[in-house]
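Since the structure comes first, as structure tokens, the remarks are kept for the end.
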Amino acid sequence: MRRSKAFIPTTKEAPSDAQLASHIFLSRAGFVTQVASGLYNYLPLAKRVIRKIENIINEEMAKVGAQEVELSFVTPADLWAESGRIEKFGKELLRFKDRKNNLFVLGPTHEEMMVDLVRNRVTSYKNLPLNLYQIKTKFRDEARPRFGLMRGREFIMKDAYSFHASNEDLDREFDAMEAAYKKILTRLGLDFRVVEADSGAIGGSGSKELMVIADSGEDTIAVCSKCEYGANIEAAKRSARGNIPEAPEAEFNKFLTPNIKTIDELAEFFKVDAYYTVKCVAKRVVYADESEIVLFFVRGCDNLQEAKAHNATDALDIVDVTEEELAELGLVPGFIGPLDQDKAKHVIDSDLKNAAHMICGANEVDNHFVGVDMSVLSETAYFADIAEVNEGDICPDCDGVLTFTKGIEVGHIFKLGTTYSEALNAKFLDENGKAQPFIMGTYGMGVSRLVAAVVEQHHDDNGCIWTKETAPYIVNIMISNIKDEAQVALGESLYAQLQDANVDVMIDDRKERFGFKMKDAELIGFPYTVIIGKELVNGEVQIFDRKSTEKTAVKSDMIFTKVMELL
RNA sequence: CGGGGUGUAGCUCAGUAUGGUUAGAGUACCUGGUUUGGGACCAGGGGGCCGAAGGUUCGAGUCCUUUCACCCCGACCA
């Protein structure tokens, strides 16, 4: 492509609302423009990067036997009613009616559509397993889109759906897809981690997220310093604490604790480690048609993890409560303890199940219990893992220590089981001629988000640094002075040679000065720029390496060979 | 959906407290000239329904009302 004719509207200044490097540089370098909140135009450079990512995905999917399809973007609302998700998805589903007044939604994910496609077409175990995928625009009417391509309302997602006759076969496919996804991210040159994820509302027996490591990531992940264990903080587990602080020895007793309401105050008052205190977090748990106040108890040194609380209560939603609401139930904020269980539902963290020597609220003003042995509750109370792991906690798989890092979720793979096939009555006949619901897996990967993720990991102060696998153009030929006939002649012949060799090549043939064109090349981030300039009179040109920012002199008659060696 | 902020040239922003010629700057763009190794310089030029609608006024970018959009914090996010 000739730079002079290319539609690459670069700017010196970023849109004022851009905060992330990927948003700033993809905007400044002319890859994308914003249309409305969460909606972006992909310009030629972005389109080329997307196509490269898609090609890699297609290659890796072919290797594991997944077949590409493309389902319609506009999907009948009836299907969503059939699965029950038209309620669950809520306002994120963009709904509209056609001229005949039929209700449709723009597909935010395609489980229903894919099951509908397969049901009654695949009817025998002999035709399983089956893995179908597509790379397609999705639409989710997010309450708050942000960060450019990172969290748009309209975005490109690769979504695969597998159908199996047995759980063992689903397990095999799940592992194969995980391996394929790792391969894709590795080829894209990304530093990533596969982590345990919260399967949450979608259910099923397991899910993993593929996290690209980046400080700008929206997710917190806990990773082990020693082994491969990694988990989204929403799902992270831990081993029991090793270095347990010295226990405060005390007989069970009620103790006057005037105005001591917080864990910090309590620990200070009794001179004990917060480990031996019981923290109460009160929340209103919302179910399908009612709601109630639930008291969650964790150790004073821990915090409630809301995703876990969700799972422990089958909640649709969890919202904060006011002190007034608690008072109405006869609860005393600041002094709520787990020993009095008739005022509200309790969920107690499993780490407290047999905890002794504890200090907890006495459910009356200015009083706490000391010397509490939680095991007295083990018969009657509901225990669940609801505490958030802390940095420094012990890995659940080994004796390593958990550390936190930020990640961008670029992939999420689920073992769905029969949730959707049962809801949509999609069955096959097994060896015994018996109808069985398909056992399913689903595997998502955010393609447009990957574009942003690559830039998040590969940029410097001057712009993008594309890897060879992702670069819109790998080589940029920069003619320093367009009025110099020798420079133009060499540039043009190299351009022709590289094109013949099927190299993605750009030639900067604009009538601009050296510095201007260099800045532009750095902003866009071509891996290599061949500088044809003033050294040509001495028979030399240079290759500028975007990543190292080093320039290497090359004999002008060797330049084609040298470039080909680099690729 | 709660709380806050901003809408003026393609982009980044002044101007709005206190209404008053023809609405500005930088950048980008066009023409000519000089320049040509790190976002050049000089001269000339094009570009605006001041987010939209209504109102107050002799007069509104500026004041009032309504509304829309975008952004930020939070909630939300198979």
Could you identify the nucleotide paired to B/rU6, looking across every strand shown and requiring Watson-Crick or G-U wobble geometry with both distances under 3.5 Å?
B/rA69
Return the nearest nucleotide to the side chain of A/Phe414; candidates are B/rC71, B/rG37, B/rA78.
B/rA78
Within this structure, what is the CD-to-C1' distance between A/Glu218 and B/rC76, rounded to whole angstrom?
11 Å
Could you check how far CE of A/Met211 sits from C1' of B/rC77, rounded to whole Å?
12 Å
Whole-Å distance separating the CG atom of A/Asp320 from the C1' atom of B/rC73
15 Å
Starting at atom CD of A/Glu87, determine the distance to atom P of B/rA78, rounded to an integer number of angstrom.
17 Å
Which nucleotide in the set B/rC73, B/rU35, B/rU12 lies at the smallest distance from any side-chain heavy atom of A/Arg146?
B/rC73
Of the listed nucleotides (B/rU12, B/rC71, B/rA78), which one gets closest to any side-chain atom of A/Pro15?
B/rU12
Taking the side chain as every heavy atom from C-beta outward, state whether A/Val286 and A/Ile318 have any pair of such atoms under 4.5 Å apart.
no
Which listed nucleotide (B/rU12, B/rC77, B/rA75) is nearest to the side chain of A/Ala143?
B/rA75
In whole angstrom, give the distance that lies between atom CD of A/Glu512 and atom P of B/rG37.
14 Å
Between A/Arg144 and B/rC73, does any side-chain N or O lie under 4.0 Å from OP1 or OP2?
yes
What is the nucleic acid contact for A/Met478, judged by heavy atoms within less than 4.0 Å: base, sugar-phosphate only, or nothing?
nothing
Syn within 90° of 0, anti beyond: B/rA52 is anti
Check every strand shown and say whether A/Lys511 touches a base, only sugar-phosphate, or nothing at a heavy-atom separation below 4.0 Å.
base
Any strand: nucleotide that pairs with B/rG54 via Watson-Crick or wobble, under 3.5 Å:
B/rC64
Re B/rG32: Watson-Crick or G-U wobble partner, both distances kept under 3.5 Å, found to be B/rC42
Measure from the ring center of A/Trp80 to the ring center of A/Phe89 and say whether it is less than 6.0 Å.
yes
Using the side-chain heavy atoms of A/Lys483, tell me which of these nucleotides is nearest: B/rA78, B/rG38, B/rU36.
B/rU36
Kindly label the base of B/rC50 as syn or anti, based on whether its glycosidic torsion lies within 90° of 0.
anti
Taking B/rG39, B/rU36, B/rA78 as options, the one with an atom nearest any side-chain atom of A/Lys12 is B/rG39
For A/Ser37 and B/rC71, is the shortest distance between a side-chain N/O and OP1 or OP2 below 4.0 Å?
yes
Using heavy atoms to find the nearest nucleotide of RNA chain B for A/Ala14 and A/Glu540 separately, return the residue whose nucleotide is more 5′.
A/Ala14
Pairwise P distance for B/rU16 and B/rG51, with rounding to whole Å
15 Å
Within this structure, what is the CZ-to-P distance between A/Phe147 and B/rC71, rounded to whole angstrom?
12 Å
Parallel, tilted or perpendicular: which fits the ring planes of A/His459 and A/Phe25, with parallel below 30° and perpendicular above 60°?
tilted
A/Phe516 stacking on B/rG39: centroids under 5.5 Å, ring planes under 30°?
no
Less than 6.0 angstrom from the centroid, inside 45 degrees of the normal: does A/Lys415 satisfy that with respect to the ring of A/Phe174?
yes
Of the listed B/rC71, B/rU36, B/rG38, the closest approach to the A/Asp17 side chain comes from B/rC71
Side chains of residues 33-50 of chain A: which donor-acceptor partners sit under 3.5 Å, not counting sequence neighbours?
{"residue": "A/Thr33", "atom": "OG1", "partner": "A/Asn41", "partner atom": "ND2", "Å": "3.1"}
{"residue": "A/Gln34", "atom": "NE2", "partner": "A/Ala36", "partner atom": "O", "Å": "3.2"}
{"residue": "A/Arg48", "atom": "NE", "partner": "A/Pro472", "partner atom": "O", "Å": "2.8"}
{"residue": "A/Arg48", "atom": "NH1", "partner": "A/Tyr473", "partner atom": "OH", "Å": "3.4"}
{"residue": "A/Arg48", "atom": "NH2", "partner": "A/Pro472", "partner atom": "O", "Å": "3.3"}
{"residue": "A/Arg48", "atom": "NH2", "partner": "A/Asp504", "partner atom": "OD1", "Å": "3.1"}

Any donor-acceptor pair under 3.5 Å linking the side chain of A/Gln487 with the backbone of A/Gly533?
yes
By the 4.0 Å heavy-atom rule, please label A/Glu92 as base, sugar-phosphate, or nothing.
sugar-phosphate
Short side-chain N/O contact to B/rC13 OP1/OP2 from A/Ser16, under 4.0 Å
yes
Of the options B/rG37, B/rU12, B/rC70, whose atoms approach the side-chain atoms of A/Lys551 most closely?
B/rG37
Worked check of salt bridge (Lys or Arg N to Asp or Glu O under 4.0 Å) between A/Arg546 and A/Asp460
CA-CA 10 Å; A/Arg546 179 63 184 87; A/Asp460 61 16; 2.7 Å; yes
Rounded to whole Å, how long is the line connecting atom CZ of A/Arg513 with atom P of B/rU34?
14 Å
Is the cationic atom of A/Lys158 (NZ for Lys, CZ for Arg) positioned less than 6.0 Å from the six-membered ring centroid of A/Tyr133 and within 45 degrees of its normal?
yes
Both distances below 3.5 Å, Watson-Crick or wobble geometry, any strand: find the nucleotide opposite B/rC1.
B/rG74
In whole angstrom, give the distance that lies between atom CZ of A/Arg449 and atom C1' of B/rA78.
12 Å
Base-pairing assignment for B/rU21 (Watson-Crick or G-U wobble, both under 3.5 Å):
none
When we call it a touch if two heavy atoms are under 4.0 Å apart, what does A/Gln542 touch: a base, just sugar-phosphate, or nothing?
base
Which residue, A/Gly515 or A/Gln19, contacts RNA chain B at a nucleotide closer to its 5' end, judged by nearest heavy atom?
A/Gly515
